[in-house]
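Please read all numbers here as calculations on a predicted model, not as lab measurements. Residue numbers start from 1 in every chain, and the chains themselves are labelled A, B, ... in the order their sequence lines are given, proteins ahead of strands.
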Amino acid sequence: MQFTALEIGLLLNGTVEGSPEAQVNQLAKIEEATAGSLSFLANPRYEQFLYTTQASVVIVNNDLVLTEPVSATLIRVENAYSAFSVLLEKYNTLKLDKHGIEQPSFIHPSAQLGENVYIGAFSYIGPNVKIGNNSKIYPNTYLADNVTIGTDTTLFAAVKVYFDCVIGNNVIIHSGAIIGSDGFGFAPTADGTYTKVAQIGNVVIHDNVEIGSNTTIDRATMGSTIISSGVKLDNLIQIAHNVEIGANTVVASQTGISGSTKIGENVIIGGQAGIVGHISIAKGTQIQAQSGIGRSITDEGKKWAGSPAVSYASNMRSQVVVNRLPELEKKINELEKIIAELRNISI
Amino acid sequence: MQFTALEIGLLLNGTVEGSPEAQVNQLAKIEEATAGSLSFLANPRYEQFLYTTQASVVIVNNDLVLTEPVSATLIRVENAYSAFSVLLEKYNTLKLDKHGIEQPSFIHPSAQLGENVYIGAFSYIGPNVKIGNNSKIYPNTYLADNVTIGTDTTLFAAVKVYFDCVIGNNVIIHSGAIIGSDGFGFAPTADGTYTKVAQIGNVVIHDNVEIGSNTTIDRATMGSTIISSGVKLDNLIQIAHNVEIGANTVVASQTGISGSTKIGENVIIGGQAGIVGHISIAKGTQIQAQSGIGRSITDEGKKWAGSPAVSYASNMRSQVVVNRLPELEKKINELEKIIAELRNISI
Amino acid sequence: MQFTALEIGLLLNGTVEGSPEAQVNQLAKIEEATAGSLSFLANPRYEQFLYTTQASVVIVNNDLVLTEPVSATLIRVENAYSAFSVLLEKYNTLKLDKHGIEQPSFIHPSAQLGENVYIGAFSYIGPNVKIGNNSKIYPNTYLADNVTIGTDTTLFAAVKVYFDCVIGNNVIIHSGAIIGSDGFGFAPTADGTYTKVAQIGNVVIHDNVEIGSNTTIDRATMGSTIISSGVKLDNLIQIAHNVEIGANTVVASQTGISGSTKIGENVIIGGQAGIVGHISIAKGTQIQAQSGIGRSITDEGKKWAGSPAVSYASNMRSQVVVNRLPELEKKINELEKIIAELRNISI
């Protein structure tokens, strides 16, 4: 994909300063750009790079005042960062513009496919599956019986969705994510073995959700494991059976949420955190990376850290003292000696 | 699947109370049930929902005494919970009743398939693979050379089993699990690079094991990594080379067990725990979530917590004090001042 | 594969002691070997097993002096351990000697395949993909548009590589690993929802890297996520967007490295560690399992532990005191009482 400064200027409704014929075929950061790159300058702290960059075209803010000569062609716009984001999106859309049905693929006769869908080779579309318009199912993906996929949704290569699960519109699920595997439910028996508790619920994923690579979301024992609209889950996360995650909650990589726990809206959870089962986390809660949450959090909008977690501020204070513990212990032992002496004197 | 109260009553050998023609086509919790649902009441704390439920049919205990009118048809049985579990199992068996060989699939001429097996599309059955009767290999699954699968075993979509691994009877492995990838073995060299140590062992999984989604179990360097009968592993667990896990041990999600460690029977390990290599964990040990186990545990049946782990009780006591550390430090500083004063007085 | 002691002796340039016709068809540890096994004795601590082993052939050092009779045929070589390693490698190479193109597979007409490659069934080789000589792509693997794979590289079953990623020579990637999925980048908006930040960079993996099962490496927002030559990553690791890992660094299972962090050369990171984003870790740093690294480490070659991490030695000292905290608190309270008494006396 090759574009001229003139074409990009017209697309962004910007003013071209320098050669309108300058050509670009890739996007790059201003400090790393090579010839043929399109870049942008939004943060004034990076202005120095404008005068040394190898980029062929740079998008800048209308109000930028040059203090040195620039070799790149400039495109002036109202907001350079937004303009560049628009280009990124367009670029990605072009990159990922797949459609049609590749062969071989397995599409059960009872499956219903919307218009303009992409079904990659070696994908398995099971009985009664429904896929909405403009959705993309990349190669090696598996959709079991009765799965429903909304419109404009993308499942990258090798996503696996177990039977009866429901996925909304504008959802993105990355490679290797497993949706709807059995919850971890076993009943102990008298002889020390375990009996499997059948997991007959499903997983429901609402609109505008993004789910990372190799993340696993278990189906409910009964009812549904629910991922509400706008939720963003990173890679390698574990969501257990019957968990419910509120709208616009964001969870970083390798965090685990145990069975039946309810997470509120707009919660932010750091990486490698663990949350026990059967509790509730209030709206707007922020949980630091590697925290362990063992009890319900009922106060909204508070910050937590540590394992077991306490308030973020309290955790910070305690951690400081933990690292001084050896000297603190020494001090106590010295005080003990002095007191023993004093006691001898005063008796 | 549509059933009448009469049919279910006959199946469970129960007594129908109310309309025997009431029809149900799904299972639901009593507090969430809608018309057409079959539910159950076992725990007396939920009795209130019996009088308001929308369920069409509810299974109850023989000895339940109604205190208000009920709109649902009741089926009275000896034990409502067991009866419902029986139905769950039957429901799931119907749902997952796959058999036959779907096309396209890759079955090496030297592979031996038992009777009544299911081979999903895009599955790869390598040279000399043996699959026992009634086993189900879901789509996109890969069985490398010489893999042996027992009878009545289910491998869900996209399970990958490396060469020479052995899987028993009545085993369930969920999507994305990797069995038999190379152990993490490298020998450092003088120039700072590492030489790979060939991993020529295998993984042996005994009967009645269940393994969760995207869990990884590495092959032994030599000999076997062993998962004994009745073991239940949750999702995203790491089992390193030459680990041995004793019968009926249960491991929760995201836990990692390092190389050559031996876990005893009937051990319970919480989520996100880490266990170092080359140690032994005694029978019946219980390890709390997020614990770090750095040394062998020889006492049977004890409870551990923390990282590095100590006895559960001791960890609980220490954690309480950790959170009081800032005030404790303040107290010590005050004592120090008082003692300095006292010393001045007494000298 | 069946070999005689004579054949192995010739291969290793060793001296056969005992029956040259002794036959072996498997490799085993000396203490576990059964008839028909080939084993080795390098560590003198295991010499006792030489006199009781069931192995048919044992490789030993030239200078070994027997103190009892031995039933196995011995092969004497300069260095028994190295000689055995050579055999392990040869054995594995024979095991994994796949080549040719299996059907059905999907190979885009614009893809370029080197000589002597293996393309397993159900693999997807997208537009403009290049695969170097002698590389092996196992079944169910997905290579998206413009992916480049070097020579002598092995991708085991079901590896997924997103578009534009570059993989070097002599690389091994295990099953289920995901290379190049989107970085976790979202911009918060005024109404509490998040806007996706397009991730248009790629992942570059240099030569001699090994990557474990189900590990995920995200593509850069712009530029490249870089895994330098000789890096070894274990299973279930998360590498976020724009991370750079220096040559010959080794990372154990389930560790997570957050966005834009730079890890130096020859770093060793234990399992389940977490490293925050936008920091640097100096060359030769050693990070203990389950550590949490929250700040840059600038001193080379130091050892760290704990979460938040401090120096390994300091963490060891503090942990010891943490477990004595309850008794320490008791002691402080006693001192307090004594001081109160003393004060009364001296006033």
### Message
Using heavy-atom distances under 4.5 Å, tell me whether B:Pro326 contacts chain A through its side chain, its backbone, both, or neither.
### Response
both
#### Entry: Contacting region of A:Asn315 [heavy-atom separation from chain B under 4.5 Å]
neither
## Note on the structure
When rounded to the nearest 0.5 Å, the distance separating CD of A:Gln238 from CG of B:Asp234 is 5.0 Å
### Message
Ignoring hydrogens, what is the shortest heavy-atom contact between A:Gln254 and B:Gln272? Give both atom names and the distance.
### Response
O-NE2, 3.4 Å
#### Entry: chain B contact via A:Val310 - which portion, at a heavy-atom distance below 4.5 Å
side chain
### Summary
If one checks every heavy atom of A:Phe106 against chain B at 4.5 Å, the contacting part turns out to be both
### Query
Hey, which of A:Val320, A:Val322, A:Asp218 has the most heavy atom pairs under 4.5 Å with chain B?
A:Asp218
### Query
Which atoms of B:Ile268 come close to chain A, meaning under 4.5 Å heavy atom to heavy atom: side chain ones, backbone ones, both, or neither?
side chain
### Query
Taking atom NZ of A:Lys331 as the centre, does the number of heavy atoms from other residues, nucleotides or ligands within less than 6.0 Å exceed 12?
yes
### Message
Test of understanding: with ring pair (Phe, Tyr, Trp, His ring centres under 6.0 Å), list the residues that count as partners of B:Phe122, not counting sequence neighbours.
### Response
A:Phe122, C:Phe122
### Among B:Ala305, B:Ala157, B:Gly176, residue most engaged with chain A (heavy-atom pairs, under 4.5 Å)
B:Ala157
### Query
Rounded to the nearest 0.5 Å, what separation is found between the CZ atom of A:Arg317 and the CD atom of B:Glu329?
12.0 Å
### Query
Atom CG of B:Leu342 and atom CD of A:Glu341: how far apart are they, to the nearest 0.5 Å?
12.5 Å
### Message
Report which part of A:Thr255 has an atom under 4.5 Å of a heavy atom belonging to chain B: side chain, backbone, both, or neither.
### Response
backbone
### Per-residue contact mode, A:Ala273 against chain B (heavy atom under 4.5 angstrom)
backbone
### Query
Between B:Asn333, B:Leu335, B:Ile332, which shows the greatest number of heavy-atom pairs under 4.5 Å with chain A?
B:Ile332
### Query
Counting distance only, does the side-chain N/O of B:Asn140 pair as donor-acceptor with the main-chain N or O of A:Ala158 below 3.5 Å?
no
### Query
Measuring heavy-atom distances to chain B, does A:Ser123 have an atom under 4.5 Å in its side chain, in its backbone, in both, or in neither?
backbone
### Task
For the residue pair B:Lys98 and A:Asp145, establish whether any side-chain heavy-atom pair is separated by less than 4.5 Å.
yes
### Query
When heavy-atom pairs shorter than 4.5 Å are enumerated against chain A, which of B:Ser175, B:Gly230, B:Ala121 gives the highest number?
B:Ser175
### Query
Going by heavy atoms in the side chains, are B:Gln26 and A:Ile200 under 4.5 Å from each other?
no
### Query
Counting only heavy atoms not in A:Phe186, do more than 12 fall under 6.0 Å of its CZ?
yes
#### Entry: Any side-chain heavy-atom pair of B:Lys29 and A:Asn242 under 4.5 Å
yes
### Task
Establish, from distance only, whether the side-chain atoms of B:Glu210 and A:Tyr194 form a donor-acceptor pair under 3.5 Å.
no
#### Entry: B:Phe49 CZ: over 12 foreign heavy atoms closer than 6.0 Å
yes
### Query
Got a second to check how far A:Ile178's CD1 is from B:Asn235's CG, nearest 0.5 Å?
8.5 Å
### Query
Between A:Ser291 and chain B, which part of the residue has a heavy atom less than 4.5 Å away: side chain, backbone, both or neither?
backbone
### Query
So do the side chains of A:Ile237 and B:Leu236 get within less than 4.5 Å of each other, counting heavy atoms only?
no
### Task
Any chance you could measure A:Met222, atom CE, to B:Phe84, atom CZ, to the nearest 0.5 Å?
4.0 Å
### Task
Please round to the nearest 0.5 Å and tell me the distance separating atom NZ of A:Lys196 and atom NZ of B:Lys232.
8.0 Å
### Region of A:Gln199 that comes under 4.5 Å of a non-hydrogen atom in chain B
backbone
### Query
So which of A:Asp164, A:Val276, A:Val197 has the biggest tally of heavy-atom pairs under 4.5 Å with chain B?
A:Asp164
### Query
Using non-hydrogen atoms only, which part of B:Asn266 is less than 4.5 Å away from chain A: side chain, backbone, both, or neither?
side chain
### A:Tyr162 side chain near B:His174 side chain, heavy-atom distance below 4.5 Å
yes
#### Entry: When B:Val251, B:Ile172, B:Leu328 are compared by non-hydrogen pairs under 4.5 Å with chain A, the top option
B:Val251
### Task
Measure A:Ile339 against the heavy atoms of chain B and call it side chain, backbone, both or neither at under 4.5 Å.
side chain
### Summary
The interface call for A:Pro139 against chain B, heavy-atom contacts under 4.5 Å, is neither
### Task
Report yes if the side chains of B:Tyr138 and A:Lys160 come closer than 4.5 Å at any heavy-atom pair, otherwise no.
no
### Task
Just give me the residue among B:Glu327, B:Arg324, B:Glu336 that pairs up with chain A most often, heavy atom to heavy atom, under 4.5 Å.
B:Glu336
### Query
Between A:Ser181 and B:Ser213, does any side-chain donor sit less than 3.5 Å from a side-chain acceptor?
yes
### Message
With a 4.5 Å cut-off on side-chain heavy atoms, are B:Leu325 and A:Gln319 touching?
### Response
no
